[in-house]
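Note that the coordinates shown come from a computational prediction; the quantities given were computed from them, not determined experimentally. Computed over heavy atoms, backbone and side chain alike; hydrogens, waters and symmetry mates excluded.
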Amino acid sequence: MNILVCISHVPDTTTKIKFSENNTRLDTAGIQWVINPWDELSLTRALELKEKSGSGVQKVSIAHVGPASTEPTIRKALAIGADDAYRVDTEARDAYQVAANLAEVVKSGSFDMILCGIESSDYNGSSVGGMLAEFLDYVSVSGISHLDVENGEVHTTRELDGGCEKLIVPAPFVGIVQKGIAKEPRIAAMRGIMMARKKPIQLVDAADKEPLTVIKEFEPPKPRPACKFVDPENPEELIELLQNEAKVI
Amino acid sequence: MSVLVYTENWDGEFKKLSFELISFAVKLAEEMQTEVVALSVGKTKDEELKKLSQYGVKRILKVENEEVDQFDPQIYAKVLSEVAAREQASLVVMADNNTGKALAPRLSVRMKAALASGVSSMPDSLSPFVIKTRAFSGNAFAVTELPTEVKIVTIAQNSFDLVEKPSEAVIEDAGVDISGMKPKTVVKEVEKQTDQLLLTDAEIVVSGGRGMRSAENWAPIEELASLMNGATACSRPVSDEGWRPHEEHTGQTGKVISPNVYFAIGISGATQHLAGVSGSKYIIAINNDKEAPIFDAAQYGIVGDAAKILPKLVDALKKAKSA
């Protein structure tokens with residue numbers, strides 16, 4: 001069984017987000033780029049499965065859509081332990097175009113399980129995994145919080161609104177992964193970083209697909225009014241404010 | 001032309017979320033000068049379906065074929081695209097919850113329809129169709145144009161008010177052709193949280209952080225939540241420590257919620273935490289560090305020891321309730 005983990009390249013969460021060119025572009029100056037947190041968890045779980053005896057997982061590859069400047073993020077994923085990587089050499093423009101390009105990677109190889117994080121921390125659309133599955137006409141399981149392979153059979157738990165379901169999923173499929181899938185993201189060790197330099201990154205030609213959406217500009221969230229402080233000796237005042245000023249309780 | 005709303009039922013019953021979807025769609029359809037059609041998938045009694053008409057929808061289509069007994073995104077996306085095409089929907093509305101996240105992207109590719117997810121405000125303009133979506137985990141909005149003929153919008157829970165507009169609704173069978181379609185996944189076990197207010201549904205959420213110091217100190221948080229018919233939540237370190245279950249973790253990698261009131265107690269307000277709660281209408285912070293970033297996001301705050309303040313707050317709330 002071969003696993004393909006799709007990786008998005010996003011600003012580190014603690015980075016201050018700023019925009020340039022009249023708020024139409026992300027200002028990339030000073031941004032620390034990281035692997036999208038959910039993708040990092042997917043990769044961690046994929047590697048755990050590969051190491052698990054009897055799982056039948058032979059190879060963990062990664063796929064990414066982005067120009068050459070995003071390669072450090074791919075190298076990071078290889079350093080964590082992925083065997084090889086595919087990069088579609090084009091700018092990521094929206095979820096639809098990214099999914100269409102990832103579909104080309106899937107078609108070019110032989111993958112049984114394709115993992116995507118439930119969302120990316122930049123555009124938060126929660127869309128790429130489901131779109132990829134539809135492009136491929138594959139089964140998709142969304143909101144996976146547990147994933148295991150036993151004797152070649154894939155077991156997942158998917159979170160629903162108000163419960164969860166344990167499923168057996170036939171390969172090939174697209175798994176859309178959320179928190180819980182792995183405890184902590186795995187960190188690259190020195191040996192992994194050295195080895196990553198020699199691991200292959202295969203370039204894939206971009207699919208002939210245009211994005212469906214156009215971002216006109218970015219807007220900062222509405223500023224919140226300054227905090228009104230209540231005397232800690234007198235919390236009754238807070239209840240009074242919530243009842244009569246905010247009128248929310 | 002029409003606006004198609006995918007309403008979700010839980011064992012045949014609708015929750016407030018579905019009424020929010022209808023309210024949003026009815027308001028939008030008025031501006032677009034078109035009609036709303038509601039779609040309900042799965043077995044539901046007609047009297048339950050009629051509850052949707054309280055919010056202004058006049059046409060309700062239902063799909064009760066046995067092929068939809070199990071939630072299978074492939075089959076559901078086919079049902080939706082068939083109905084959307086037949087109803088000449090120019091806009092499909094659904095919730096930005098687990099179901100919407102599983103379905104909307106599939107539908108987008110199937111119909112080549114542009115998708116805006118996690119929307120919390122009305123469109124900026126209808127022609128061209130421009131709407132704000134959540135970006136950079138709550139640090140910005142992306143003002144996004146959906147230029148395709150059919151558009152899909154998923155809306156954040158608790159972001160739109162219910163607007164009552166009682167009307168007479170016609171209920172019809174959608175008559176979709178899905179016979180022979182079988183889910184390819186096998187469900188082995190289902191666990192349901194029943195009789196419990198879901199964190200994502202709650203209008204009031206009381207959340208504790210590391211400042212609560214240990215799992216034993218949670219009683220006043222639970223009491224405060226139950227006095228206000230709210231739900232309890234926690235920050236990531238708390239669920240990592242195992243003080244509270246993982247389902248309660250709110251924040252970037254946990255649940256993203258937008259209640260009316262969010263009490264952050266003993267939570268410093270790291271970026272990752274705020275990413276999950278910045279959509280809350282009111283944030284109330286209790287923390288012993290007056291420099292904690294949570295106070296920048298909060299409208300009301302108390303600087304002090306949560307352990308001392310909470311019991312007093314519970315008493316004050318009880319008194320106010322009995323007054």
Side-chain angles (χ1 to χ4, degrees), chain A residues 11 13-14 17 37-38 95-96 99 118 121-131 133-135 139-143 159-170 179-180 212-221 224-225 227-230 232 235-236 238-239 241-243 246 248-249, chain B residues 10 73-74 97-99 101-102 105-106 108-110 114-115 117-118 130 134-137 139-148 184-193 198 200 228 246 252-254 260-261 271-272 278 282 295 297-304 309 312-313 316-317 320:
Chain A
T13 9
T14 52
I17 297 297
W38 292 270
Y96 181 86
I118 182 114
S121 58
D122 48 5
Y123 296 101
N124 307 100
S126 303
S127 312
V128 170
M131 287 180 172
E134 189 67 32
F135 273 121
V139 165
S140 58
V141 183
S142 188
E159 300 293 317
L160 298 169
D161 300 284
C164 62
E165 279 179 355
K166 293 190 173 146
L167 302 173
I168 296 176
V169 189
K179 179 192 153 74
L212 290 184
T213 56
V214 187
I215 295 181
K216 306 300 262 184
E217 59 170 331
F218 295 97
E219 269 183 29
R224 287 181 180 270
C227 184
K228 207 180 252 191
F229 286 97
V230 170
E236 295 81 12
L238 177 64
I239 302 295
L241 286 166
L242 292 176
Q243 277 189 323
V248 284
I249 60 167
Chain B
W10 283 262
Q74 259 175 316
N97 60 0
N98 286 335
T99 313
K101 284 176 185 175
R106 292 205 78 124
S108 166
V109 170
R110 226 183 150 88
L115 165 64
S117 31
V130 178
R134 181 171 174 266
F136 298 100
S137 300
N139 284 309
F141 290 106
V143 181
T144 307
E145 182 181 342
L146 310 186
T148 50
K184 295 189 186 95
T185 53
V186 181
V187 178
K188 297 301 282 180
E189 211 181 306
V190 183
E191 275 173 39
K192 278 188 182 151
Q193 284 172 273
L198 296 181
T200 42
M228 294 180 289
H246 279 282
Q252 188 184 31
T253 49
N260 286 341
V261 192
T271 331
Q272 289 90 335
S278 61
Y282 284 88
F295 289 117
Q299 280 94 327
Y300 299 111
I302 304 182
V303 179
I309 295 167
K312 289 190 202 167
L313 205 57
L317 187 59

Are the ring centres of B:Tyr300 and A:Phe229 closer than 6.0 Å? no

List the steps, then state whether side chain to side chain contact (heavy atoms under 4.5 Å, CB included) holds for B:Thr185 with A:Glu165. CA-CA 11 Å; B:Thr185 53; A:Glu165 279 179 355; over 6 Å; no

By a 4.5 Å heavy-atom criterion (distance strictly below it), what part of B:Val261 contacts chain A: side chain, backbone, both, or neither? side chain

Side chain, backbone, both or neither: which part of A:Val141 has a non-hydrogen atom closer than 4.5 Å to chain B? side chain

Given heavy-atom pairs under 4.5 angstrom as the criterion, report whether the side chain, backbone, both or neither of A:Pro37 touches chain B. side chain

Counting heavy-atom pairs under 4.5 Å with chain A, which one of B:Ala297, B:Ser108, B:Gly118 comes out on top? B:Ala297

Closer than 3.5 angstrom, by distance alone: can the side chain of A:Ser121 be matched with the main-chain N or O of B:Ser137 as a donor-acceptor pair? no

Chain A contact via B:Pro73 - side chain, backbone, both or neither, heavy atoms under 4.5 Å: side chain

Would you say B:Lys312 has more than 12 foreign heavy atoms packed within less than 6.0 Å of its NZ? yes

What option among B:Arg106, B:Lys192, B:Glu189 has the most heavy-atom pairs under 4.5 Å with chain A? B:Arg106

Give, as side chain, backbone, both or neither, the part of A:Leu238 having an atom under 4.5 angstrom from any heavy atom of chain B. side chain

When rounded to the nearest 0.5 angstrom, what distance separates CD in A:Glu217 from CD in B:Glu145? 12.5 Å

Region of B:Gln74 that comes under 4.5 Å of a non-hydrogen atom in chain A: side chain

The interface call for B:Thr271 against chain A, heavy-atom contacts under 4.5 Å, is side chain

Flag the pair A:Pro225 / B:Gln299 as yes when at least one side-chain heavy-atom distance between them is below 4.5 Å, and no otherwise. yes

Report which part of B:Leu317 has an atom under 4.5 Å of a heavy atom belonging to chain A: side chain, backbone, both, or neither. both

Identify which part of A:Tyr96 has an atom lying under 4.5 Å from any heavy atom of chain B, answering side chain, backbone, both or neither. side chain

Working note: A:Ile239 + B:Leu313, criterion side chain to side chain contact (heavy atoms under 4.5 Å, CB included); need CA distance, chi angles, decisive distance, verdict. CA-CA 8 Å; A:Ile239 302 295; B:Leu313 205 57; 4.0 Å; yes

Steps toward side chain to side chain contact (heavy atoms under 4.5 Å, CB included) verdict (B:Lys184, A:Val169): CA-CA 7 Å; B:Lys184 295 189 186 95; A:Val169 189; over 6 Å; no

Which atoms of A:Leu241 are under 4.5 Å from chain B, going by heavy atoms: the side chain, the backbone, both sets, or neither? both

